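One structure is given here, and the rest of the page talks about it.
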Amino acid sequence: MELDIAQVRKDTTELMAGVEGWSGDYLTDDVLDGAEDAEDVIEEMATEDDLQVSALVYYGNRPVWIRDTSRPGYVGKLLIYNGSVNRPNDPCGTRFRRAIWFYHSPRGTAFRNCGAYTGFQFINA
């Protein structure tokens, strides 16, 4: 899939609008070149009948929002760096680049943990 850097910058800036400490300086062609190599995380879309559904929360840094409706029920995928081998959703790590499919446009919020580390939280609900 060919990504338009200008569109990705615009979409990611909208996603992160108002988040203190965020800067889109890292959004370059080099960042997008590795987009297809990200570990794919697909969460099944919740049905209206499923009352046990809870929000899925992800933490990470250097977010890239890619609008993509090619997968039915989803509006796009968020690429972030996060986790470690045994704690894949640990906000302290930057080991893995993950592509998380969202069924609603997420909103980024600042998240502080692990001492001086500041990352971002995204909710898929």
Side-chain angles (χ1 to χ4, degrees):
M1 171 166 136
E2 189 68 29
L3 297 174
D4 176 6
I5 184 75
Q7 186 63 48
V8 170
R9 272 196 194 114
K10 179 179 178 293
D11 293 342
T12 304
T13 299
E14 287 175 12
L15 173 81
M16 300 300 288
V19 177
E20 187 178 337
W22 181 80
S23 170
D25 295 344
Y26 63 90
L27 290 166
T28 64
D29 285 320
D30 288 341
V31 169
L32 296 185
D33 284 346
E36 297 303 317
D37 296 332
E39 176 190 353
D40 217 17
V41 178
I42 303 169
E43 304 289 359
E44 291 301 318
M45 191 169 113
T47 64
E48 292 179 20
D49 298 333
D50 189 352
L51 301 178
Q52 302 300 314
V53 173
S54 59
L56 301 164
V57 181
Y58 293 94
Y59 304 99
N61 56 30
R62 287 178 281 171
V64 177
W65 176 243
I66 300 171
R67 293 185 194 276
D68 186 347
T69 56
S70 65
R71 193 176 297 271
Y74 295 90
V75 297
K77 59 185 173 181
L78 177 71
L79 275 60
I80 57 174
Y81 284 93
N82 79 335
S84 59
V85 174
N86 60 347
R87 298 174 71 189
N89 203 26
D90 185 339
C92 305
T94 57
R95 184 178 180 107
F96 292 116
R97 188 162 202 210
R98 306 179 86 195
I100 303 156
W101 287 85
F102 277 73
Y103 33 86
H104 297 290
S105 292
R107 282 288 172 259
T109 57
F111 181 83
R112 191 170 188 84
N113 196 2
C114 308
Y117 178 86
T118 301
F120 305 103
Q121 170 180 289
F122 304 90
I123 298 174
N124 196 357

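Values in this document were obtained by computation on a predicted structure and should not be read as measured data. The first residue of the sequence shown is numbered 1, and numbering continues consecutively from there.
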Looking at every non-hydrogen atom in both residues, tell me the closest pair between [X] and [Y] and how far apart they are.
X	Y	value
Tyr103	Leu56	OH-CD1, 4.1 Å
Arg97	Val31	NH1-O, 3.0 Å
Ile5	Asp29	CB-OD1, 3.5 Å
Lys77	Glu36	NZ-OE2, 4.3 Å
Ala35	Leu3	CB-CD1, 4.0 Å
Phe122	Pro63	CZ-CB, 3.7 Å

N/O donor-acceptor pair under 3.5 Å between Arg9 side chain and Leu27 backbone
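Between the backbone of Leu27 and the side chain of Arg9 there is a qualifying donor-acceptor contact (under 3.5 Å).
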Do Asn124 side-chain atoms and Pro106 backbone N/O form a donor-acceptor pair below 3.5 Å?
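Between the backbone of Pro106 and the side chain of Asn124 there is no qualifying donor-acceptor contact (under 3.5 Å).
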Taking atom types as modelled, is there a side-chain donor on Ser70 or Asp68 under 3.5 Å from an acceptor on the other?
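The criterion, which ignores hydrogens and geometry beyond distance, is satisfied for Asp68 and Ser70.
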I need the [X] [atom1] to [Y] [atom2] distance, nearest 0.5 Å.
X	Y	atom1	atom2	answer
Leu79	Leu32	CG	CG	8.5 Å
Ile66	Trp101	CD1	CH2	8.5 Å
Leu15	Arg67	CG	CZ	8.5 Å
Arg107	Glu14	CZ	CD	7.5 Å
Ile80	Gln121	CD1	CD	11.0 Å
Thr109	Glu20	OG1	CD	12.5 Å

May I ask you to decide if the ring planes of Trp22 and Tyr26 are parallel, tilted or perpendicular, using 30° and 60° as cut-offs?
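Perpendicular.
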Hey, can you tell me if Phe111 and Tyr59 have their rings parallel, tilted or perpendicular (30° and 60° cut-offs)?
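Tilted, since the angle between the ring planes falls between 30° and 60°.
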Evaluate the criterion side-chain contact (heavy atoms from CB on, under 4.5 Å) for residue pair Asp11 and Val8; output intermediate values, then yes/no.
CA-CA 5 Å; Asp11 293 342; Val8 170; 5.8 Å; no
Test Leu78 against Tyr58 for side-chain contact (heavy atoms from CB on, under 4.5 Å), laying out the working first.
CA-CA 10 Å; Leu78 177 71; Tyr58 293 94; 5.8 Å; no
Please identify each residue that fulfils side chain to side chain donor-acceptor pair (under 3.5 Å) with Ser23, with sequence neighbours left out.
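Ser23: side chain to side chain donor-acceptor pair (under 3.5 Å) contacts with Asp25.
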